[in-house]
Amino acid sequence: MPLTPTGEIVRKAAETGRGVGAFNVIQLEHAEALVAGAEHAGAPVILQISENAVKYHRGLEPLALATLAVAREASVPVAVHLDHATDPELVREAVTLGFGSVMFDASVLSYDDNVAATREVAARCRARDVFVEAELGEVGGKDGVHAPGARTDPDEAAAYVEATGVDALAIAVGTSHAMLEKTASLDFDLITAHRRVVPVPLVLHGSSGVPEADLTHAVEAGMTKVNIATALNQAFTAAVRDYLAANPSVVDTRKYLAPGRAAVAREVTRLLGVLKAT
Ligand code: G3H
Ligand code: ZN
């Protein structure tokens, strides 16, 4: 199965009421685990690299090329996406490298400045057939400060999509990034209201903090792309921690990263079921 355009995966899922799991790649093992988990589920998947991961690796290209290579070898449709980019230059680089989509995140700006910056990026990406996600009404927690109170207004969201020409929209409906416990309370009426008036697929960020039954309900209410990162790192780290505790003299990094990778793959298979992704 070739590397698949994000738009193809997301639009098909939106049309058929399914969710799409979008999971973050930080190390190569994440990419391998995400694809293995999706293959086991028989579902498409989106591998996403965030601007923060790019900063950690001091550059996009090495991790991007590895992730694209893993995606090309998959037996299910796999898309590669740039997550939470605030720098238009990074978007340009991702497009050049062959990413199927980018998220341009101008959500900290005022409405007018967000529209102006995003419209420009979206026009450039459209010319290269690259699917663009944007965010309106900042989903909290990106700075480590949880702010699940933010909400996106549906009419403003519809106007924003019209003004910017984006292909998908991340909205604030009760989540916050990097939550370690599943205590977020989703506003389902708000999701339904967005679904009625916003003409593009909707994206849920900060999904690790949402109880799993509510993730299923969120997809049923109209969310399509569901971003999950922290929950997978919890599974990865727990497995590594267990291995190191049981094998304190281990030296070979592969010995403890392999159980982490396997734990993430299992979680991905399970979560794709929760999201009705098959
Ligand atoms: O963009 C990535 C996500 O929104 C992931 O958030 O780490 O809270 O699951 P999370
Ligand atoms: Zn996010």
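All ligand and atom numbering here is 1-based and tracks the order in the structure. Fair warning: this is a prediction, and the values are worked out from it, not measured in the lab.
Atom 7 (O) of ligand 1 has Thr230 OG1, 2.5 Å as its closest protein atom, hydrogens excluded (heavy atom only). The protein heavy-atom contact nearest to atom 1 (O) of ligand 1 is Asp83 OD2, 2.7 Å. Nearest non-hydrogen protein atom to atom 3 (C) of ligand 1 is Asn227 CB, 3.4 Å. Among protein heavy atoms, atom 8 (O) of ligand 1 sits closest to Ala178 N, 2.8 Å. Among protein heavy atoms, atom 4 (O) of ligand 1 sits closest to Gly206 N, 2.8 Å.
Side chain of Lys225 to backbone of Val10: no donor-acceptor contact under 3.5 angstrom is found. Under a 3.5 Å cut-off, the side chain of Thr269 and the backbone N or O of Gly37 do form a donor-acceptor pair. Of the possible polar contacts, none joining the Ser107 side chain to the Glu138 backbone as a donor-acceptor pair under 3.5 Å is found.
Taking both residues in full, the closest heavy atoms of Thr86 and Asp105 are given as CG2-O, 3.5 Å, listed atom of the first, atom of the second, then distance.
Here's the thing with His84: one of its N/O atoms is less than 3.5 angstrom from an N/O atom of ligand 1. Remark: ligand 1 and Ala231 share no N or O pair separated by less than 3.5 Å (distance only, no angle test).
Cluster membership for Val210 and Val139, using ILVMFWY side-chain heavy atoms within less than 4.5 angstrom, is not shared.
Only the side chain of Asn24 comes within 4.0 Å of ligand 1, counting heavy atoms alone; its backbone N, CA, C and O stay farther away. Neither the backbone nor the side chain of Met103 comes within 4.0 Å of ligand 1, counting heavy atoms alone.
Of all atoms in ligand 1, listed by their number and element, those nearer than 4.0 Å to a heavy atom of Ile228 are 9 (O). Which parts of ligand 1 touch His205 is read off a 4.0 Å heavy-atom cut-off, strictly below it: atoms 1 (O), 4 (O). Shown in contact with His177 at under 4.0 Å from a heavy atom are these atoms of ligand 1, numbered in order with element: 3 (C), 4 (O), 6 (O), 8 (O). Using a 4.0 Å cut-off to heavy atoms of Ser207, the atoms of ligand 1 that qualify are 9 (O).
Remark: Glu89 engages Arg92 in a salt bridge, criterion side-chain N to carboxylate O under 4.0 Å. Lys55 has a carboxylate O that lies under 4.0 Å from a charged side-chain N of Glu51, or vice versa, which qualifies the two as a salt bridge. Using a cut-off of 4.0 Å between Lys/Arg side-chain N and Asp/Glu carboxylate O, Asp167 and Arg11 are scored as salt-bridged.
The NE2 atom of His177, the Zn ion (ligand 2) and the NE2 atom of His84 define an angle of 100° (nearest 10 degrees).
The side-chain contact (heavy atoms from CB on, under 4.5 Å) with Val161 is formed by just one residue from the set Val197, Leu169, Leu136; it is Leu169.
Between Phe236 and His30, the ring center distance clears the sub-6.0 Å criterion.
For atom 10 (P) of ligand 1, the nearest non-hydrogen atom from the set Ala22, Gly209, Ala184, Ser208 comes from Ser208.
Within His205, the N, O or S atom lying nearest to the Zn ion (ligand 2) carries the name ND1.
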